[in-house]
Asker: 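The structure under discussion is supplied below as structure tokens; questions concerning it will follow.
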Amino acid sequence: MLEIQRIRQEKEAILAGLAKRNIDASQTIEAILETDQNWRSAKTQLDQVAAEMNQLARTIGELFKSGQQAEASALKEKTSVLKTQEAELKVQVNALEESLQALLYTLPNVPNELVVQGREAEDNQNIFEAGTIPQFGFEAQPHWDLAKKYKLIDFELGVKVTGAGFPFYRGKGARLQRALIQFFLDEAIAAGYEEFISPHMVNEASGYGTGQLPDKEGQMYYVKEDDFYLIPTAEVPLTNIYRDVILPDGNFSIKMCGYTPCFRREAGSYGKDVRGLNRLHQFDKVEIVRVEHPDNTAKALDEMLEHVKNLLDKLELPYRILRLCGGDMGFASALTYDFEVYSAAQEKWLEVSSVSRFDTFQANRLKLRFKDDKKTTLCHTLNGSALALPRILASLLENHQTANGIQIPKALQAYTGFSVIE
RNA sequence: GGAGAGGUGUCCGAGUGGUUGAAGGAGCACGCCUGGAAAGUGUGUAUAGGUCUAAAGCUUAUCGAGGGUUCGAAUCCCUCUCUCUCCGCCA
């Protein structure tokens, strides 16, 4: 959520920024400013009436104390007019506040200066490539065939027990999955992130805190009985640890990581995009989350990019980094880098990580601030996948396949306990 | 799930209708005292908003959350929520 003060002061800059998302926000901004103006004047009136009421109540109290019943009763009658006024103004103020809030919720974050205007994936900027795309002397098999051949994943069984998008991992497939989680966590911990095991369901307030609510209810599984949402990413519980928190000084750098399953309804997805492991309703992910002083955000983002690069290097996978264009960025993000791994048999790039800075956008909703001398200032938040498992698994299988089996990268062998899947 | 007790500021803790944004204490910050420290002593110590060029000042709201009663609510009533104790159930 953008700060209202910022909209008042930097209207033009915000409009220019949002244009990079192909959004013409001028009408919304005008509506916001007008509502804000109306709200403020109504609020001022309400405050004045309330002040008068308070003054009267105090006087009445004193009169009663000194036994001047008649005078007190006379004053009491005066209050009835004020009371009606106050009630009316209160309704007005509340209504304006609500519509202001609703309008603010509709505005996405303003893109960083590095972000280019663009509409779709083709407009993203390729800023880095590493690794080599393997050449096979045989016909490479897609991961769903490999998974079946080596009995690593059973999609049909998942359909039977739950539904599409909820696969079973079995045998070495399960072991490989567990190895990856452990590997990712160990790497994150080595990089200074504190590990958390979080709840897998969150309440409504947390959904609002990180921006899943309102509007994206349809993306989350919802437990009606208890009003809980299944988390779509560990970002939600981890970031919400800092909801309604004021850090005591500006000297902080909070680094958290956590493994969780992630639940996504993915309503509207279909076709070959969802084949095999490409898109699941439940998948595993290790997430890294940071809360930073605004001065440190750029550096933190760089560190996170390096961290993910390092993971992919160790897994010996060919990958590239894209800086997302305005139209392809998430709602809350100011700057996002996507990591894509080349999947040798599907012959396409698969997104395996998304690293973003949100600046004050989430912090404003979360009310996450720090004390700076006497002022309280909003913190910055960042997060990134490090990494999401299914597509990593898919590309491991596809890129490291040989005629006789699947080679496990060296860095992983200590975790899997085997070096090849035959 | 049933019965009961409770949720007050950074912490402890008082407060059952009238200058209570909130006694008292601890902690913390700054000052005085001291050769230095401790002790002692003084002052300060929430958040969000409105008004204001800004600061100061003035003002509104906030004692788990929301609503209600009242001229006036931390204090009374209702709903929800969380914590604790006992019982029940249970990995």
Side-chain angles (χ1 to χ4, degrees), chain A residues 1-11 32-105 197-209 213 223-229 237 240-252 360-379:
Chain A
M1 188 165 64
L2 295 176
E3 299 137 84
I4 184 70
Q5 298 90 332
R6 189 170 158 203
I7 297 178
R8 284 183 205 143
Q9 287 158 16
E10 304 171 22
K11 184 175 118 183
I32 285 173
L33 290 174
E34 193 191 329
T35 311
D36 177 52
Q37 191 53 53
N38 292 340
W39 174 78
R40 282 196 284 173
S41 75
K43 172 76 170 140
T44 303
Q45 285 179 56
L46 174 62
D47 282 359
Q48 280 165 359
V49 173
E52 256 183 90
M53 290 277 288
N54 286 344
Q55 183 53 47
L56 268 176
R58 237 169 282 157
T59 314
I60 291 171
E62 276 159 29
L63 288 174
F64 268 122
K65 255 188 179 168
S66 58
Q68 294 165 270
Q69 306 285 345
E71 289 85 341
S73 303
L75 274 185
K76 262 196 202 181
E77 297 192 1
K78 265 183 77 177
T79 59
S80 70
V81 183
L82 285 174
K83 224 181 169 181
T84 345
Q85 257 181 36
E86 190 188 29
E88 279 166 8
L89 282 167
K90 221 176 214 170
V91 170
Q92 238 184 75
V93 167
N94 285 343
L96 286 166
E97 219 164 62
E98 260 174 52
S99 44
L100 182 59
Q101 192 68 240
L103 282 167
L104 285 171
Y105 273 140
I197 295 180
S198 79
H200 297 167
M201 298 188 207
V202 295
N203 57 29
E204 193 179 35
S206 293
Y208 276 93
L213 298 175
V223 182
K224 194 176 170 195
E225 189 84 338
D226 297 289
D227 206 11
F228 291 150
Y229 295 87
N240 271 284
I241 291 173
Y242 286 91
R243 173 154 48 82
D244 286 319
V245 166
I246 299 176
L247 299 167
D249 57 63
N251 186 22
F252 63 91
T360 58
F361 195 84
Q362 285 185 329
N364 189 32
R365 283 196 183 191
L366 291 162
K367 299 200 178 67
L368 165 54
R369 292 153 294 178
F370 66 95
K371 277 212 188 240
D372 198 6
D373 294 320
K374 293 233 162 154
K375 281 197 311 190
T376 52
T377 309
L378 290 169
C379 300

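Residue numbers begin at 1 in each chain, while the letters A, B, ... track the order of the sequences.
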Asker: Go ahead and name the base partner of B/C58; Watson-Crick or wobble counts if both distances stay under 3.5 Å, otherwise write none.
Answerer: B/G50

Asker: To the nearest Å, give me how far apart CG (A/Asp47) and P (B/G50) are.
Answerer: 10 Å

Asker: Taking 4.0 Å as the cut-off, does a side-chain nitrogen or oxygen of A/Lys83 come that near to OP1 or OP2 on B/G72?
Answerer: yes

Asker: Does B/A29 have a Watson-Crick or wobble mate here (both distances under 3.5 Å), and if so which one?
Answerer: B/U43

Asker: Can you name the nearest heavy-atom pair linking A/Glu86 to A/Val49, along with the distance?
Answerer: CB-CG1, 3.9 Å

Asker: Determine the Euclidean distance between corresponding C1' atoms of B/A22 and B/U62; express it in Å to zero decimal places.
Answerer: 12 Å

Asker: Tell me whether the count of non-hydrogen atoms from other residues, nucleotides or ligands lying under 6.0 Å of CD in A/Glu34 goes above 12.
Answerer: no

Asker: If you measure from the C1' atom in B/C86 to the same atom in B/G13, how many Å do you get, rounded?
Answerer: 27 Å

Asker: Which nucleotide, in any strand shown, forms a Watson-Crick or G-U wobble pair with B/G17, with both distances under 3.5 Å?
Answerer: none

Asker: Is B/C80 paired to anything, Watson-Crick or G-U wobble with both distances less than 3.5 Å, and if yes, which nucleotide?
Answerer: B/G64

Asker: Classify A/Gln55 by what it touches in the nucleic acid, base, sugar-phosphate, or nothing, heavy-atom distance under 4.0 Å.
Answerer: nothing

Asker: Distance between the C1' atoms of B/C33 and B/C11, in whole angstroms?
Answerer: 29 Å

Asker: Does B/U51 have OP1 or OP2 sitting under 4.0 Å from an N or O in the side chain of A/Arg40?
Answerer: yes

Asker: Among B/U47, B/U59, B/G49, find the nucleotide with the atom closest to the side chain of A/Lys371.
Answerer: B/U47

Asker: Rounded to whole Å, please give me the gap between CZ in A/Arg365 and C1' in B/A48.
Answerer: 18 Å

Asker: Can you find a side chain N or O atom of A/Thr376 that sits less than 4.0 Å from OP1 or OP2 on B/A48?
Answerer: yes

Asker: Would you mind pulling out the nucleotide paired to B/A23, Watson-Crick or G-U wobble, both distances under 3.5 Å?
Answerer: none

Asker: C1' atom, B/C28 versus B/A46: distance in rounded Å?
Answerer: 14 Å

Asker: Base, sugar-phosphate, or nothing: which does A/Ile246 touch, judged by heavy atoms less than 4.0 Å apart?
Answerer: sugar-phosphate

Asker: With nearest nucleotides of RNA chain B determined for A/Ala50 and A/Phe64 from heavy-atom distances, which residue corresponds to the more 5′ nucleotide?
Answerer: A/Phe64

Asker: Calculate the interatomic distance between A/Glu225 atom CD and B/C80 atom P; express it in whole Å.
Answerer: 15 Å

Asker: Pick the C1' atom in B/U16 and in B/A74, then give their distance to the nearest Å.
Answerer: 10 Å

Asker: Do the side-chain N or O atoms of A/Asn54 get closer than 4.0 angstrom to the phosphate oxygens (OP1, OP2) of B/A61?
Answerer: yes

Asker: Which whole number of Å gives the distance between the P atom of B/A55 and that of B/A14?
Answerer: 39 Å

Asker: I need the CD-P distance between A/Gln5 and B/G50, as an integer number of Å.
Answerer: 7 Å

Asker: Please determine whether the number of non-hydrogen atoms from other residues, nucleotides or ligands lying under 6.0 Å from atom CD of A/Gln5 exceeds 12.
Answerer: yes

Asker: Taking atom CG of A/Leu56 and atom NZ of A/Lys83, what is their separation to the nearest 0.5 Å?
Answerer: 12.5 Å

Asker: Tell me the interatomic distance from A/Lys90, atom NZ, to B/U60, atom P, rounded to whole angstroms.
Answerer: 13 Å

Asker: Can you establish whether the number of heavy atoms outside A/Asn251 located under 6.0 Å from its atom CG is more than 12?
Answerer: no

Asker: Output the rounded distance in Å from CH2 (A/Trp39) to P (B/A48).
Answerer: 13 Å

Asker: For A/Gln48 and for A/Glu62, locate the closest nucleotide of RNA chain B by heavy-atom distance; then report the residue assigned to the nucleotide nearer the 5' terminus.
Answerer: A/Glu62

Asker: Considering all heavy atoms of both residues, which atom of A/Pro199 and which atom of A/Pro237 are nearest to each other, and what is their separation?
Answerer: O-CG, 3.9 Å

Asker: Tell which nucleotide pairs with B/C86, taking only Watson-Crick or G-U wobble pairs whose two distances are both under 3.5 angstrom.
Answerer: B/G2

Asker: How many Å lie between CZ on A/Arg58 and P on B/U70, as a whole number?
Answerer: 21 Å

Asker: Are the side chains of A/Leu104 and A/Ile7 in contact, using a 4.5 Å heavy-atom criterion?
Answerer: yes

Asker: B/G25 and B/U81: how far apart are their P atoms, nearest whole angstrom?
Answerer: 39 Å

Asker: Check whether any side-chain N or O of A/Gln45 sits under 4.0 Å from OP1 or OP2 of B/U60, and answer yes or no.
Answerer: no

Asker: How about A/Asn203 and A/Ser206: does a side-chain donor come under 3.5 Å of a side-chain acceptor?
Answerer: yes

Asker: Please state whether the phosphate of B/A48, meaning OP1 or OP2, lies under 4.0 angstrom from any side-chain nitrogen or oxygen of A/Arg369.
Answerer: yes

Asker: Partner of B/A74 by Watson-Crick or G-U wobble geometry, both contacts under 3.5 Å, or none?
Answerer: none

Asker: Which base, if any, makes a Watson-Crick or G-U wobble pair with B/A91, both distances under 3.5 Å?
Answerer: none

Asker: Just to be sure I understand the rule, does A/Ile60 reach a base, reach only the sugar-phosphate, or reach nothing, if contact means heavy atoms closer than 4.0 Å?
Answerer: base

Asker: Can you check the distance between B/A56 and B/A48, where both ends of the measurement are the P atom (answer in whole Å)?
Answerer: 14 Å

Asker: To the nearest Å, how far apart are A/Leu247 CG and B/A46 P?
Answerer: 18 Å

